[in-house]
Amino acid sequence: MKSKIQSVKGTRDFYPEQMAFRTWLYGKVREVSERFGYQEWEAPFLETLDLYAAKSGEELVKQQAFVFQDRGGDEITLRPELTPSLARLVAARQAQLGKPIRWWSFGPFWRYERPQKGRSREFFQWNIDLLGPDNPEADAEMAAIGATFFRAVGLEAGEVKIQVNNRKLLERKVEELGVRGEVAAVFKLIDKRDKMSAEAWEGYATETVGLSAEQLSGLKDILSNRELWRESESLVRFFENVKALGVAEYIEYEPTIVRGLDYYTGTVFEARDRDGEFRAILGGGRYDNLVDAVGGDPLPATGFAMGDMVISLVIEKYGKKPALAVSPTQVLVTLFDEKGAADALGLARDLRAAGLNTEIYPQAAKLDRQLKYADGKGIRLVAILGPEEAAAGAVSLKDLAARSQRRVPRAEIAEEIRRSLDSGRGS
RNA sequence: GUGCCUGUAGCUCAAUGGCAGAGCGCUGGACUGUGGAUCCAGUUGUUGUGGGUUCGAGACCCAUCAGGCACCCCA
């Protein structure tokens with residue numbers, strides 16, 4: 001065996017079967033995005049390092065971005081996320097863009113990380129953002145879009161949930177504990193809670209973050225108070241809106257959600273499967289300062305991102321993966337011998353002209369071979385054109401799914417195929 | 001970037017330091033113009049890669065690459 005060139009670490013190959021699923025997922029993303037009136041857009045895959053320098057979490061850029069020098073010596077980054085690009089595009093044409101801006105996008109991103117389940121170095125991500133309004137109605141719309149997507153792919157509220165919190169509320173509560181200027185450290189502490197043992201976490205809280213016993217106890221009260229949202233006018237309205245939008249069953253308050261990225265400013269959320277088996281399915285929130293941070297005028301914004309890997313695992317786990325037709329072929333034209341080749345090619349041409357996806361068996365072969373091929377590839381209809389049919393000016397149309405066959409005059413074959421496809425659609 | 005686990009046929013996996021195997025798949029036939037089932041036959045390897053120990057290595061040791069898990073971070 002010859003030595004094979006390996007693929008780049010952390011990348012995935014999309015054979016037709018995987019590509020069909022990716023396309024299906026993209027279709028669901030499009031369907032839901034457009035249902036809420038969002039426009040599709042796209043940014044370059046390459047951006048300057050400067051774009052990310054001040055904005056994203058420092059770790060994300062410094063340690064996890066693919067950065068290289070171009071031939072002119074400029075620092076170029078393979079985009080690790082989309083939101084800074086969004087802010088850049090919006091800032092560049094801020095005056096002429098009508099508000100609110102409702103945009104969505106689905107494309108590839110790169111992060112230089114250790115690959116593991118639900119995480120690779122090259123992945124696809126759905127981004128959807130609403131810029132303009134700074135009210136809880138906009139936040140609720142985002143959560144509703146996420147929930148509507150789950151419904152669209154068949155995931156029920158008993159299987160996935162969207163957990164919500166508000167950074168301003170949390171910040172206020174933390175400050176009430178008498179923690180000054182160390183809010184970011186406390187947020188990090190909160191984020192770690194599920195990942196450490198209770199003792200280790202408390203040790204980290206008192207020793208590293210420097211909380212007093214009293215403050216720690218107060219913090220624990222905050223994090224276990226599932227009714228805390230009632231103290232935030234913004235969250236109260238958020239939950240009212242979510243109810244009105246018909247997705248309340250998917251959404252719940254979770255005091256430990258803070259999100260990792262530094263640019264979030266208000267309501268934040270992330271979705272998980274109810275068993276907590278996987279990492280977050282999607283994550284997002286309000287980021288009101290980002291547009292002016294890249295040189296635009298201040299513009300409030302909210303949005304979220306969903307990677308393709310975790311959602312795929314969740315869809316698979318709950319048995320919601322659809323049976324997808326991998327071959328686009330609607331009808332296979334048989335080939336018996338070289339003498340009949342011109343006739344078969346002519347039939348294929350006519351069927352294609354009639355708008356049918358038509359494939360011809362590429363060489364003369366026994367009929368059972370050709371039928372096996374069609375069966376294996378999931379092609380339902382086979383147009384059999386052998387010496388007998390040719391002599392009669394007809395074609396035999398076999399429906400592999402219905403196990404039926406009938407002889408049709410050559411002139412009517414395209415119409416007959418169309419009828420068969422329509423009748424088989426429901427079953 | 002840190003720690004741990006794993007790597008054998010296309011796939012899933014066996015093989016006490018002693019002849020590299022099974023199931024599935026694939027190919028052909030039973031069936032010269034009729035598919036999924038069944039039966040029969042056949043096919044599949046530089047044991048991830050490179051070194052080392054040993055009379056002898058798929059197994060032990062080192063390195064390296066890839067995958068997985070936990071950190072870190074996050075989609």
Side-chain angles (χ1 to χ4, degrees), chain A residues 1-12 15 25 29 56-65 79-83 106-128 146 188 191-192 194-197 200 258-262 264 268-272 277-284 303-314 332 334-337 340 361 364-391 396-407:
Chain A
M1 196 194 283
K2 288 178 185 168
S3 66
K4 290 173 181 164
I5 308 275
Q6 282 183 333
S7 57
V8 174
K9 178 172 179 162
T11 60
R12 290 167 293 163
Y15 289 86
L25 196 66
V29 163
S56 313
E58 287 176 34
E59 177 118 13
L60 181 59
V61 177
K62 286 183 180 156
Q63 292 177 30
Q64 299 185 348
R79 63 183 192 182
E81 60 159 337
L82 190 65
T83 308
F106 184 86
F109 295 85
W110 295 266
R111 288 183 195 170
Y112 196 82
E113 298 181 282
R114 286 282 288 264
Q116 51 186 274
K117 192 167 239 171
R119 196 169 76 180
S120 65
R121 288 184 172 181
E122 179 179 69
F123 56 95
F124 287 80
Q125 199 179 67
W126 174 29
N127 282 263
I128 185 159
K188 196 167 181 182
D191 202 36
K192 280 178 183 291
D194 293 338
K195 297 165 183 168
M196 303 171 80
S197 69
V258 291
R259 304 296 304 152
L261 294 175
D262 295 339
Y264 291 119
V268 291
F269 53 89
E270 63 185 46
R272 296 187 165 273
E277 183 179 340
F278 306 104
R279 59 190 73 240
I281 300 167
L282 62 82
F304 69 81
M306 181 189 79
D308 70 310
M309 297 191 68
V310 175
I311 186 66
S312 299
L313 292 169
V314 173
L332 175 78
T334 62
L335 185 57
F336 277 75
D337 49 44
Y361 199 82
K366 280 162 53 174
L367 186 58
D368 75 323
R369 232 187 127 67
Q370 304 191 45
L371 290 172
K372 266 182 189 163
Y373 170 78
D375 190 47
K377 213 173 163 190
I379 301 168
R380 216 185 84 206
L381 298 177
V382 179
I384 301 172
L385 180 58
E388 290 172 23
E389 286 84 359
S396 290
L397 182 64
K398 186 176 180 67
D399 185 327
L400 270 58
R403 297 168 162 276
S404 64
Q405 179 172 334
R406 88 169 80 164
R407 190 171 283 197

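Chain letters run A, B, ... following the sequence lines, proteins first and then strands; every chain starts at 1.
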Trainee: Taking atom P in both B:G48 and B:A59, what distance in whole Å separates the two?
Mentor: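 The same atom, P, in both gives a distance of 8 Å.
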Trainee: Measuring to OP1 and OP2 of B:G67, would you say a side-chain N or O of A:Gln116 lies under 4.0 angstrom away?
Mentor: no
Trainee: Both atom distances under 3.5 Å, Watson-Crick or G-U wobble: I'd like the secondary structure of RNA chain B as a dot-bracket string, with | for pairs made across strands.
Mentor: (((((((..((((....[..)))).(((((.......))))).....(((((..]....))))))))))))....
Trainee: Could you work out the separation of B:C62 and B:G7 based on their P atoms and round it to a whole Å?
Mentor: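 Pairwise P distance, B:C62 against B:G7, rounds to 16 Å.
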Trainee: Measure the distance between the ring centre of A:Phe123 and the centre of the six-membered base ring of B:A75, then answer whether it is under 5.5 Å with planes under 30°.
Mentor: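 Answer is yes, a stack.
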Trainee: Quick one: label A:Glu388 by what it contacts on the DNA or RNA (base, sugar-phosphate, nothing), any heavy atom closer than 4.0 Å.
Mentor: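 The answer is base, as A:Glu388 lies within the cut-off (heavy atoms under 4.0 Å) of a base atom.
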Trainee: Quick one: which protein N/O atoms are closer than 3.5 Å to N/O atoms of nucleotides 39-43 of chain B? Pair and distance per line, please.
Mentor:
none

Trainee: Take atom CZ of A:Arg403 and atom C1' of B:G36, then tell me their distance rounded to the nearest Å.
Mentor: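 My rounded result for the distance is 7 Å.
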Trainee: Is A:Ala374 touching bases, backbone alone, or none of the nucleic acid, heavy atoms closer than 4.0 Å?
Mentor: nothing
Trainee: Does the distance from a Lys or Arg side-chain N to an Asp or Glu carboxylate O, for A:Arg12 and A:Glu122, drop under 4.0 Å?
Mentor: no
Trainee: If you only use heavy atoms from C-beta on, which nucleotide in B:G68, B:U34, B:A75 is closest to the side chain of A:Arg119?
Mentor: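 Nearest nucleotide to the side chain: B:A75.
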Trainee: Go through the N and O atoms of the side chain of A:Gln370 and the base of B:U34, and report whether any donor-acceptor pair is under 3.5 Å.
Mentor: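 Flag unset: no donor-acceptor pair detected.
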Trainee: Take the protein atom CG of A:Leu282 and the nucleotide atom P of B:C74, then report the distance between them rounded to whole Å.
Mentor: 16 Å
Trainee: Regarding A:Ser120, tell me which of base, sugar-phosphate or nothing describes its non-hydrogen contacts under 4.0 Å with the strands shown.
Mentor: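 Counting heavy atoms under 4.0 Å across all strands, the contact made by A:Ser120 includes a base.
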Trainee: Ring centroid separation for A:Phe124 and A:Phe109, is it under 6.0 angstrom?
Mentor: no
Trainee: Could you tell me whether A:Arg406 atom CZ has more than 12 heavy atoms of other residues or ligands within 6.0 Å of it?
Mentor: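 Not buried by this count: 12 neighbours or fewer within 6.0 Å.
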Trainee: Does a side-chain N or O from A:Lys117 land closer than 4.0 Å to OP1 or OP2 of B:G68, or not?
Mentor: no
Trainee: Tell whether A:Arg279 reaches the base of B:A75 with its side chain through a donor-acceptor pair below 3.5 angstrom.
Mentor: no
Trainee: Please step through side-chain contact (heavy atoms from CB on, under 4.5 Å) for the pair A:Phe278 and A:Arg272, ending with a clear verdict.
Mentor: CA-CA 7 Å; A:Phe278 306 104; A:Arg272 296 187 165 273; over 6 Å; no
Trainee: Is there a donor on the side chain of A:Gln64 or the base of B:G1 sitting less than 3.5 Å from an acceptor on the other?
Mentor: no
Trainee: Take A:Val268 and A:Val258, measure what side-chain contact (heavy atoms from CB on, under 4.5 Å) needs, and give me the verdict at the end.
Mentor: CA-CA 7 Å; A:Val268 291; A:Val258 291; 5.7 Å; no
Trainee: Could you tell me whether the side chain of A:Thr334 and the main chain of A:Leu385 form a donor-acceptor pair under 3.5 Å?
Mentor: yes
Trainee: Mind checking A:Glu270 for me? I need base, sugar-phosphate or nothing, with any heavy atom below 4.0 Å counting as a touch.
Mentor: nothing
Trainee: Is A:Phe124 touching bases, backbone alone, or none of the nucleic acid, heavy atoms closer than 4.0 Å?
Mentor: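 Result for A:Phe124 = nothing.
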Trainee: Got a second to check how far A:Lys398's NZ is from A:Leu381's CG, nearest 0.5 Å?
Mentor: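 Reported value, rounded in 0.5 Å steps: 11.0 Å.
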Trainee: Under 6.0 Å from the six-membered ring centre of A:Phe123 and within 45° of its axis: does the NZ or CZ of A:Arg111 meet both?
Mentor: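 No, A:Arg111 and A:Phe123 do not form such a contact.
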Trainee: Is there a donor-acceptor contact under 3.5 Å from the side chain of A:Gln125 to the main chain of A:Pro108?
Mentor: no
Trainee: Starting the side chain at C-beta, find the nucleotide from B:C73, B:C4, B:G35 nearest to A:Arg114.
Mentor: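 Among B:C73, B:C4, B:G35, the one nearest the side chain of A:Arg114 is B:C4.
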Trainee: What interatomic distance, in whole Å, is found between P of B:A15 and the corresponding atom of B:G68?
Mentor: 25 Å
Trainee: Closest approach to the side chain of A:Lys9, judged atom by atom: which nucleotide of B:G67, B:G29, B:U34 is it?
Mentor: B:G67
Trainee: Using heavy atoms to find the nearest nucleotide of RNA chain B for A:Tyr264 and A:Gly10 separately, return the residue whose nucleotide is more 5′.
Mentor: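 First, find each residue's nearest nucleotide; the 5'-ward one identifies A:Gly10.
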Trainee: With sugar-phosphate meaning primed atoms plus P, OP1 and OP2, does A:Gly283 contact a base, only sugar-phosphate, or nothing at under 4.0 Å between heavy atoms?
Mentor: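 Sugar-phosphate, backbone atoms only, no base.
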Trainee: Report which part of the nucleic acid A:Pro115 touches: base, sugar-phosphate, or nothing (heavy-atom distance under 4.0 Å, all strands).
Mentor: sugar-phosphate
Trainee: When you check the phosphate oxygens OP1 and OP2 of B:C73, does a side-chain N or O of A:Lys188 lie under 4.0 Å from one of them?
Mentor: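 So the side-chain polar atoms of A:Lys188 do come within 4.0 Å of the phosphate oxygens OP1 or OP2 of B:C73, strictly under.
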Trainee: Before accepting this row, confirm whether a basic side-chain N of the pair A:Glu270/A:Arg259 lies closer than 4.0 Å to the acidic partner's carboxylate O.
Mentor: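 Yes, charged N to carboxylate O under 4.0 Å.
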Trainee: Got a donor-acceptor contact below 3.5 angstrom from the A:Glu389 side chain to the A:Gly386 backbone?
Mentor: yes
Trainee: Counting any heavy atom closer than 4.0 Å, what does A:Lys366 reach on the DNA or RNA strands: base, sugar-phosphate only, or nothing?
Mentor: sugar-phosphate
